[in-house]
Participant: 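To start, I am sharing the structure in question, which I have written as structure tokens.
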Amino acid sequence: MRRFYRFAGIFAAAVLVTAAFHFYAWNSYTKYVFPKGYVIGDLGRMSYQLDSLLPRKIQNTLPVSKVEFRKKEGQKSVDLLTLGDSFSDGGGSGRNSYYQAYIAHNSGQNVLDIKNFIGPVSYIECLVALHDSGLLQKWGVKHILLESVERKSVERFARGIDWHPGKPVKSEMFKKMDFFIQGGEVQPEKGSFLIQETRTSWFAFDKHTINLFNNLNINAVKYNLLYPYDHRAYSADVYKVPLRKKFFSSKDQQSLLFYKNDFKGIPHATKRNIARMNSNLNTLARLLKRSGIKLYFMPVVDKYNLYAKYIEDNPYPKSRFFELLRPLKKEYVLIDTKRILR
């Protein structure tokens, strides 16, 4: 019987200690990265650095939340078509997260955002197929903005490209493409397309859907204990490094958070690979030009690259992506996000 009571006592003590730990971690750290009704960015959410958080309210204040296609000679007309990754999909969330809405609002142009085809098809091959199928011409596209995060641009655009993807016009995929854009129904009779405006809950976690007992609490405490000793807290997905200047409007104005994969693309941004990427984009630009379509390329600078020169005693490699791309001869328009944001 004594053995039973001893075991019961140890078990009860373990439960109380565990409960106390999770209660402390949740109320000290975790609940603040999952605030109800607000969005916390990936870097803050994964690092649990409360002084770097800037909670954002999801809201659309621009009058253009739906892109209207005016009828032109009986056909839908698209002034600008955009194709890209999560940034083009409103992944930043918060206030007016779709840059397409700003373009539509400020320019008065019709903007259509599409997603890449499912499967091992590159962004360029997607546009080639849409061009060869006649859909770009049918939609009356005048401009195309191709967007990609910097760290994946070489991987996406310096690869070998199939410039003759068969006869896509006969494919059911392309027939459906004319009626389903971004997973949302197109209503051609009304002449309007949605830019996924219904996805207002992007990374908007409700803290009440997360249990008090979870492994997030362990990470929250662990990272806050270890960041003072290591830029990556030894195992986190987010780096935290000190800057020489104050850049941010959060409580911690001088610490930079950036994703570990920002380093992933740096070794691949070689002179040869950048030249190959530029050549592929030039070939695409010439193809689109035949149909009177102008190509814009917008590589979105990685956060590490943008702030690298301001990191104190920076021990990490520097990206040459934009510096190698800028001087090359282009038949498309480069939107130099690094230079603009600098």
Participant: Using modelled atom types only, decide if a donor and an acceptor are shared between the side chain of Thr337 and the backbone of Val301 within a distance under 3.5 Å.
Facilitator: yes
Participant: Has the side chain of Arg95 got a donor or acceptor atom that lies under 3.5 Å from a matching backbone atom of Arg56?
Facilitator: no
Participant: If I take atom CG from residue Leu43 and atom CG from residue Asp237, how far apart are they, to the nearest 0.5 angstrom?
Facilitator: 10.0 Å
Participant: Is there a side-chain contact between Asp113 and Val111 (heavy atoms, below 4.5 Å)?
Facilitator: no
Participant: Return yes when atom CZ of Arg286 has more than 12 non-hydrogen atoms of other residues, nucleotides or ligands closer than 6.0 Å, and no otherwise.
Facilitator: yes
Participant: Can you check ring-ring contact (aromatic ring centres under 6.0 Å, His included) on Phe297 and Phe157, steps first, answer last?
Facilitator: CA-CA 11 Å; Phe297 176 47; Phe157 305 119; 5.3 Å; yes
Participant: I need the Gln59 CD to Ser97 OG distance, nearest 0.5 Å.
Facilitator: 10.5 Å
Participant: Quick check for you: to the nearest 0.5 Å, what is the distance between Ser255 atom OG and Lys246 atom NZ?
Facilitator: 11.0 Å
Participant: Looking at side-chain heavy atoms only, is the closest gap between Tyr332 and Leu284 below 4.5 Å?
Facilitator: no
Participant: Roughly how far, to the nearest 0.5 Å, is CG of Leu328 from CG of Leu334?
Facilitator: 10.0 Å
Participant: On the six-membered ring of Phe258, is Lys303 placed so that its NZ or CZ lies under 6.0 angstrom from the centre and within 45° of the ring axis?
Facilitator: no
Participant: If Ile, Leu, Val, Met, Phe, Trp and Tyr residues are connected whenever their side-chain heavy atoms lie under 4.5 Å apart, and connections chain through other members, are Val149 and Val154 in the same group?
Facilitator: no
Participant: Are there over 12 heavy-atom neighbours, none belonging to Phe247, within less than 6.0 Å of that residue's CZ?
Facilitator: yes
Participant: Is the side chain of Asn280 donor-acceptor paired with the backbone N or O of Arg159 at a distance under 3.5 Å, no angle test?
Facilitator: yes
Participant: With a 6.0 Å cut-off (strictly less than), is the heavy-atom count around NZ of Lys330, excluding the residue itself, greater than 12?
Facilitator: yes
Participant: Which of these, Leu135, Leu127, Leu146, sits in a side-chain contact (heavy atoms from CB on, under 4.5 Å) with Leu81?
Facilitator: Leu127
Participant: Distance alone, cut at 3.5 Å: any donor-acceptor contact between the side chains of Asn60 and Tyr98?
Facilitator: no
Participant: Answer yes or no: is there a donor N or O on one side and an acceptor on the other, between the side chain of Asn106 and the main chain of Tyr102, under 3.5 Å?
Facilitator: yes
Participant: Check whether Glu155 reaches the backbone of Lys152 with its side chain - one donor and one acceptor, N or O, closer than 3.5 Å.
Facilitator: no
Participant: Verify, without hydrogens or angle tests, whether Ser133 (side chain) and Ala129 (backbone) share a donor-acceptor contact under 3.5 angstrom.
Facilitator: yes
Participant: I need the minimum non-hydrogen distance between Thr30 and Ala220, along with the two atoms involved.
Facilitator: OG1-CB, 3.8 Å
Participant: So, His22 versus Asn217: side-chain donor-acceptor pair below 3.5 Å or not?
Facilitator: yes
Participant: Nearest 0.5 Å, please: how far is OH in Tyr32 from CH2 in Trp26?
Facilitator: 11.0 Å
Participant: Test of understanding: clusters of I, L, V, M, F, W, Y form through side-chain heavy atoms closer than 4.5 Å, transitively. Do Val221 and Ile218 belong to the same one?
Facilitator: yes
Participant: Between the side chains of Glu150 and Ser319, is a donor N or O closer than 3.5 angstrom to an acceptor N or O?
Facilitator: yes
Participant: Could you check whether any side-chain N or O of Asn96 sits under 3.5 Å from a backbone N or O of Thr61, counting only pairs where one atom can act as donor and the other as acceptor?
Facilitator: yes
Participant: Any link between Leu295 and Trp163 through a network of hydrophobic side chains (Ile, Leu, Val, Met, Phe, Trp, Tyr) touching at under 4.5 Å?
Facilitator: yes
Participant: Minimum heavy-atom separation for Leu257 to Ser47, with atom names?
Facilitator: CD1-OG, 3.6 Å
Participant: With a 3.5 Å distance limit and no angle check, can you tell me whether Glu331 reaches the backbone of Ala285 through a side-chain donor-acceptor pair?
Facilitator: no
Participant: With a 4.5 Å cut-off on side-chain heavy atoms, are Thr270 and Asn273 touching?
Facilitator: yes
Participant: Is the closest side-chain donor-acceptor distance between Asn314 and Tyr304 under 3.5 Å?
Facilitator: yes
Participant: Please check: side-chain N/O of Gln137 versus main-chain N/O of His131, any donor-acceptor pairing under 3.5 Å?
Facilitator: yes
Participant: Could you tell me which non-hydrogen atom of Ser88 sits nearest to which non-hydrogen atom of Leu83, and how far apart they are?
Facilitator: OG-C, 4.4 Å
Participant: Is there a path of hydrophobic side-chain contacts, each under 4.5 Å between heavy atoms of I, L, V, M, F, W or Y residues, that connects Met46 with Tyr234?
Facilitator: no
Participant: Around atom CG of Asp313, are there more than 12 heavy atoms from other residues, nucleotides or ligands closer than 6.0 Å?
Facilitator: no
Participant: Do we see a donor-acceptor contact under 3.5 Å between the side chains of Asp89 and Ser86?
Facilitator: no
Participant: Between Tyr296 and His143, what is the ring plane arrangement, given parallel below 30°, perpendicular above 60°, and tilted in between?
Facilitator: tilted
Participant: Any side-chain heavy atom of Asp42 sitting closer than 4.5 Å to one from Tyr259?
Facilitator: no
Participant: With no hydrogens and no angle check, just 3.5 Å: does a side-chain donor-acceptor pair link Lys245 and Gln254?
Facilitator: no
Participant: Please determine whether the number of non-hydrogen atoms from other residues, nucleotides or ligands lying under 6.0 Å from atom NZ of Lys251 exceeds 12.
Facilitator: no
Participant: Evaluate whether atom OH of Tyr24 has more than 12 neighbouring non-hydrogen atoms of other residues, nucleotides or ligands under 6.0 angstrom away.
Facilitator: no
Participant: As a quick check of understanding, evaluate side chain to side chain contact (heavy atoms under 4.5 Å, CB included) for Ile274 and Arg276, giving each step before the final call.
Facilitator: CA-CA 5 Å; Ile274 295 296; Arg276 187 178 187 187; over 6 Å; no
Participant: Within the structure provided, determine whether Ser148 and Ser153 are in side-chain contact (heavy-atom separation under 4.5 Å).
Facilitator: yes
Participant: Are Lys338 and Glu323 close enough that some pair of their side-chain heavy atoms sits under 4.5 Å apart?
Facilitator: yes
Participant: Could you go step by step and tell me if Tyr307 and Phe248 meet the ring-ring contact (aromatic ring centres under 6.0 Å, His included) rule?
Facilitator: CA-CA 12 Å; Tyr307 291 94; Phe248 307 115; 5.3 Å; yes
Participant: Check the orientation of Phe263 and Tyr316. Use parallel for under 30°, tilted for 30 to 60°, and perpendicular for over 60°.
Facilitator: tilted
Participant: Is there a path of hydrophobic side-chain contacts, each under 4.5 Å between heavy atoms of I/L/V/M/F/W/Y residues, joining Val17 to Leu225?
Facilitator: no
Participant: Is there side-chain contact between Arg156 and Asp85, with at least one heavy-atom pair below 4.5 Å?
Facilitator: yes
Participant: Is any side-chain heavy atom of Arg232 closer than 4.5 Å to a side-chain heavy atom of Val238?
Facilitator: no
Participant: May I ask you to say whether Asp336 pairs ionically with Arg326, meaning some side-chain N is under 4.0 Å from a carboxylate O?
Facilitator: yes
Participant: Kindly write out the residues that satisfy ring pair (Phe, Tyr, Trp, His ring centres under 6.0 Å) with Tyr48, not counting sequence neighbours, or none if the list is empty.
Facilitator: none
Participant: CD1 of Ile340 to CG of Leu306: how many Å apart, nearest 0.5 Å?
Facilitator: 11.5 Å
Participant: Determine, using ring centers only, whether Phe87 and Tyr99 are less than 6.0 Å apart.
Facilitator: yes
